[in-house]
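Atoms considered below: every heavy atom in the structure, side chains included; atoms not considered: hydrogens, waters and symmetry mates. So that the names make sense, note that chain A is the first sequence line, chain B the second, and so on, each numbered from 1.
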2 protein chains.
Amino acid sequence: MVRPTMEDVALRAGVSRALVSLVMRNSPKVSEARRAAVLKAAEELGYSPHAMARSLASRTSTVLGVMVSDLHNAFFAEVVDGIDEVAREQGFDIIINTGGRSPARERRALESLLSFRPAGLILLSPVVPATAISKAAEQLPIVLVARSSRVSTVDTINDDGEQGARLAVDHLVSLGHKRIAHLDGGEGTQAGPRRRGYVTAMEAHGLTPQVVPSEYTDAAGARAIRSLIEDGALPTAILSCNDFNAVGAISALEDAGLRVPHDVSVVGYDNTSLAALRHVSLTTIDQPRAEFGRLAALALLQRVRDGRTEPVRHLLNPSLVVRNTTAPPGGPR
Amino acid sequence: MVRPTMEDVALRAGVSRALVSLVMRNSPKVSEARRAAVLKAAEELGYSPHAMARSLASRTSTVLGVMVSDLHNAFFAEVVDGIDEVAREQGFDIIINTGGRSPARERRALESLLSFRPAGLILLSPVVPATAISKAAEQLPIVLVARSSRVSTVDTINDDGEQGARLAVDHLVSLGHKRIAHLDGGEGTQAGPRRRGYVTAMEAHGLTPQVVPSEYTDAAGARAIRSLIEDGALPTAILSCNDFNAVGAISALEDAGLRVPHDVSVVGYDNTSLAALRHVSLTTIDQPRAEFGRLAALALLQRVRDGRTEPVRHLLNPSLVVRNTTAPPGGPR
DNA sequence: AGCTTCCATCACACGGGTGTCAAGGGTGTG
DNA sequence: CACACCCTTGACACCCGTGTGATGGAAGCT
């Protein structure tokens, strides 16, 4: 239960502490023989440099903090993959913390990450107030993913929700649909752009938008469909605010004896792993998640290492993934 | 971009550095007036104690490291929730890292966590070799979740997979099923106990086990079903190794024109959020995930604070969640 | 032999805190 | 007024490294 220090390694390798330090920092001015001896001793003792002491002494940090608002959402896992890939390449470590969807807990997570004095912070879809973010941004570089911000010291990476919705509408229209409803994400992140994209795309095609209030859950999607059926307002195609909502919608449609896509086409949004399940096989809009992560890490490193100060705003292009929940009205030929 | 130190806070609050330190450590021997002044100054400056310097100086750590083998799996998110809950209660912070399912990356994640010299480590379903774990266990307390270990210095938290499989078999038998196949998880974690539980439960009921090789994916589940159909060996009920596999199985059954549960009943394992979707509504075995996390954190804290040294082995009871994919043979009455 | 190079060591000042201890200040009490 | 008590301060060693500059030894070159 005793963690070895440089001193121990030096002793074991029969060299000075300074030399161990040089080896650990990959200094070129160490003979191969000694380097090997030191590394061997370190290995035997299970020694690895004390990250905290190191960063304290070197006044630098090779750690990037990542705050994931909701660990339950696999969306973020792929973003983290992208971050991790770039960070590792560039010799940075990442530490992750989670906000559990609650602003209070997220605030704590932020505090906690900050207390490690990382080189920078990546916040994935944070729900804390903007003031908390801009305050933190005074202390270190921050990149926001899937949340926009006007704070000039903060970089943002988002997908173009308007374009995504447009892609979906264009796809449905090209299949021959004219009555296409949007199950709206309400207050949810990115619900606004998606709704706007839907409305403008419909109008561009000379069609009448039909926005149905809903939420980012499967239960809400089902409810929205039931209300449409009750009102006799069911269209031939549905654009859901996200995949969960779409799956709920499909479920309610099938409960009502309607077939997807024969009677009604459904498009989701996000291309979660759920959508790819053959049992679901949902046509949906894909966001380049790993790319989000890579760009976020790169943007952060530019600030950390190259001292960039002007903010960067990335708006990535989503893409359409056609699966088996969309077909021409009346069903596939 | 300048992070304040205790010095700055002291200056602003008009007190000594020592007093700021006392306040930050919640020392009782500080007057309320000064305490408030210090906290106010800290708040204004956005100061929070430097976790590294603190742990360095105090030779203690209030950080628990958590290694999540796969962030994509929501299973772990709930375990983390449990860990977080207990850790926060007890004044500990957590830092998370992910192994991305690859032993090499996991090893790096472990190194990285270790370099922060946390008070202890919780590994969620790690895939690194046991030697790496026992080596790390020489340096700090370690708790393993969803992976067993014989290393005596390590605590383990697992679900009783045998019992879970037994619950599923009992449920199917009580519905009247006699021909029940198990789609096996192969090399996957916990596949062994589940298979054993299935076989012994079948034998206990005087039935013949039918173990079909498969994997923890929906594609594998579908393949297994197709091969069963081809062989004319399709039973009236299926116990899948996990939920994904079950969903794939259902999908293949439906593709073959069979109805679930009317023609074939299907039981999953894990009770992932997928199973709860109304579109899926899968009967499955639930593991007390948050409880895993809580127990893991508690076990770790017992070692960290109370100096416990004898290992603890928790085997938690899974439970059956009945939804809409199981019914008597021939369908619901 | 004298010179440069390369390696290695030593010593020391940091970094941002903790922890202890002696000593100083203010206040309330008898 | 003396005294005790509680807050507060200053000083210093310590944690585990980094980084720098001075010093020394050995090998290599001319």
Give the rounded distance in Å between these two atoms: [atom1] of [X] and [atom2] of [N].
X	N	atom1	atom2	answer
A:His50	C:dG15	NE2	P	19 Å
B:Leu22	D:dT9	CG	P	9 Å
B:Met52	C:dT18	CE	C1'	17 Å
A:Leu19	C:dA11	CG	C1'	16 Å
B:Met6	D:dT9	CE	C1'	12 Å
B:Lys29	C:dT18	NZ	C1'	13 Å
A:Tyr47	D:dC16	OH	C1'	8 Å
A:Asp8	D:dG17	CG	P	9 Å

Could you work out which one of [options] sits closest to the side chain of [X]?
X	options	answer
A:Ser58	D:dG19, D:dT8, C:dA8	D:dG19
B:Arg25	C:dG15, C:dT18, C:dT9	C:dT18
A:Leu56	C:dG17, D:dG17, C:dG16	C:dG16

Quick check on [N]: is either OP1 or OP2 less than 4.0 Å from any side-chain nitrogen or oxygen of [X]?
X	N	answer
B:Arg59	D:dC15	no
A:Ser16	C:dC10	no
B:Arg34	D:dC7	no
B:Ser21	C:dG17	no
A:Ser31	C:dA8	yes

Would you confirm whether A:Gln287, through its side chain, and A:Asp159, through its main-chain N or O, come within 3.5 Å as a donor-acceptor pair?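 Not at all, since once roles are kept as given, no pair shorter than 3.5 Å links the two residues.
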Which residue, B:Val15 or B:Ala57, contacts DNA chain D at a nucleotide closer to its 5' end, judged by nearest heavy atom? B:Val15
Take B:Arg117 and B:Gly14, find for each the nucleotide of DNA chain D with the closest heavy atom, and name the residue whose nucleotide sits nearer the 5' end.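 Of the two residues, B:Gly14 wins.
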With distance as the sole criterion, do the side chain of A:Arg17 and the base of D:dG17 form a donor-acceptor contact below 3.5 Å? yes
Gap between atom CG of A:Asp81 and atom CZ of A:Arg294 - 0.5 Å precision: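 Nearest 0.5 Å value for the CZ-CG distance: 9.5 Å.
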CE (A:Met67) and OG (A:Ser125) are apart, to the nearest 0.5 Å, by 8.5 Å
Are there more than 12 heavy atoms of other residues, nucleotides or ligands under 6.0 Å from atom CD of B:Glu43?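 At most 12 heavy atoms, drawn from other residues, nucleotides or ligands, come within 6.0 Å of this atom.
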Taking all non-hydrogen atoms of both residues into account, name the closest pair between B:Ser48 and A:Glu111 and its distance. CB-OE1, 3.4 Å
Run the salt-bridge test on A:Lys40 and A:Glu44 with the 4.0 Å N-O cut-off and return the result as yes or no. yes
Salt bridge flag under 4.0 Å for residues A:Arg105 and B:Asp84: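 Looking at B:Asp84 together with A:Arg105, the answer is yes, because their closest N to O distance falls below 4.0 Å.
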Global bending angle along the helix from C:dA1-D:dT30 to C:dG30-D:dC1, which compares the axes of five pairs at either end, to 10 degrees: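 Here the local axes at opposite ends form an angle of 30°.
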Using the side-chain hydrogen bond (donor to acceptor under 3.5 Å, both in side chains) rule, pick out the option among B:Arg308, B:His314, B:Arg313 that qualifies with B:Asp155. B:Arg308
